[in-house]
Amino acid sequence: MHPRWWRGLLWALLLILFLAQVWILYAVTPGEGEPFVSGQDKIGHLLLFGIPFAVALGLRSRPAALGILAHAVVSEPLQGLLTTTRTVDVWDLVADLVGIGLAAVGVWWVRRRRARHSAEAPAAEMLVP
């Protein structure tokens with residue numbers, strides 16, 4: 001279990017990531033012209049939802065994780081309703097959900113490796129004279 005200050009730091013990070021997500025999706029005006037890299041906005045969506053989802057899972061907060069998932073589903077229609085500079089893009093939603101899926105797999109993999117390492121550690125200590 002993490003110390004209390006570490007959990008507090010992770011909650012603060014999650015709040016900052018969520019505020020950045022809202023700001024980027026609803027307040028920032030998209031730039032004109034072609035992106036530097038094809039699909040750059042999709043990578044942004046993947047990270048914009050995947051990183052906070054991973055932090056929420058790291059905190060073992062089901063409500064925060066479900067809130068991020070819900071925001072991913074409603075963010076595209078909301079952008080169409082609440083802004084004049086954005087349009088609904090189903091591929092952005094797909095990128096949001098892929099980011100969430102990759103985060104879930106990544107957190108699961110890290111937890112599995114830690115559990116395996118913890119289970120092997122006592123046996124290895126018994127071998128040391």
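Given the structure is predicted, the values throughout are model-derived calculations rather than measurements.
- Evaluation of the side chain to side chain contact (heavy atoms under 4.5 Å, CB included) rule for Thr85 yields Thr29, Pro30, Thr83 as partners, not counting sequence neighbours.
- Taken from CG in Leu48 to CH2 in Trp23, the straight-line distance is 11.0 Å, to the nearest 0.5 Å.
- Annotation: the span from Ile24 atom CD1 to His45 atom NE2 amounts to 9.5 Å, rounded to 0.5 Å.
- Between the CH2 atom of Trp6 and the CH2 atom of Trp11 there is a distance of 15.0 Å, given to the nearest 0.5 Å.
- Leu19 and Leu9 fall into different hydrophobic clusters, defined by Ile, Leu, Val, Met, Phe, Trp and Tyr side-chain heavy atoms under 4.5 Å apart, directly or through other members.
- Taking every heavy atom of both residues into account, Val73 and Leu93 meet most closely at CA-CD1, 3.8 Å.
- The ring-ring contact (aromatic ring centres under 6.0 Å, His included) check on Phe53 picks up nothing, with sequence neighbours excluded.
- Annotation: the span from Leu17 atom CG to Leu13 atom CG amounts to 4.5 Å, rounded to 0.5 Å.
- A distance of 9.5 Å separates OH of Tyr26 from CZ of Arg86, quoted to the nearest 0.5 Å.
- Taking Ala56 as the reference, Leu14, Ala64, Ala65, Ile68 meet the side chain to side chain contact (heavy atoms under 4.5 Å, CB included) condition, with sequence neighbours excluded.
- Pairs engaging residues 78-115 under the ring pair (Phe, Tyr, Trp, His ring centres under 6.0 Å) rule: none recorded [sequence neighbours left out].
- For residues 56-84, there are no salt bridge (charged side-chain N to carboxylate O under 4.0 Å, His left out) pairs, not counting sequence neighbours.
- For residues 97-113, there are no salt bridge (charged side-chain N to carboxylate O under 4.0 Å, His left out) pairs, not counting sequence neighbours.
- Phe49 is not connected to Ile16 by any chain of hydrophobic side-chain contacts under 4.5 Å among Ile, Leu, Val, Met, Phe, Trp and Tyr, and they are in different clusters.
- Leu59 places a side-chain heavy atom less than 4.5 Å from the side chain of Arg7.
- In this structure, Val105 shares a hydrophobic cluster with no other residue, the cluster being traced through Ile, Leu, Val, Met, Phe, Trp and Tyr side chains under 4.5 angstrom apart.
- By the side chain to side chain contact (heavy atoms under 4.5 Å, CB included) test, Leu47 is found to be paired with Ile43, Ile51, residues two or more places apart in sequence or in another chain being considered.
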Let's go through Leu10 and Trp5 carefully: what are the C-alpha distance in whole Å and the side-chain angles of both, what is the deciding distance for side chain to side chain contact (heavy atoms under 4.5 Å, CB included) to 0.1 Å, and is it a yes or a no? CA-CA 9 Å; Leu10 287 175; Trp5 66 268; over 6 Å; no

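- The minimum heavy-atom distance linking Pro77 with Val88 is given by the pair CA-CG2, 4.1 Å.
- The salt bridge (charged side-chain N to carboxylate O under 4.0 Å, His left out) analysis of residues 10-19, with sequence neighbours excluded, yields no pairs.
- Residues passing the side chain to side chain contact (heavy atoms under 4.5 Å, CB included) test with Val98, sequence neighbours excluded: Leu46, Val94, Leu102.
- The two residues Leu25 and Ser75 have their closest heavy-atom pair at CD1-CB, 4.0 Å.
- Every salt bridge (Lys or Arg N to Asp or Glu O under 4.0 Å) that Asp92 has, sequence neighbours left out, goes to Lys42.
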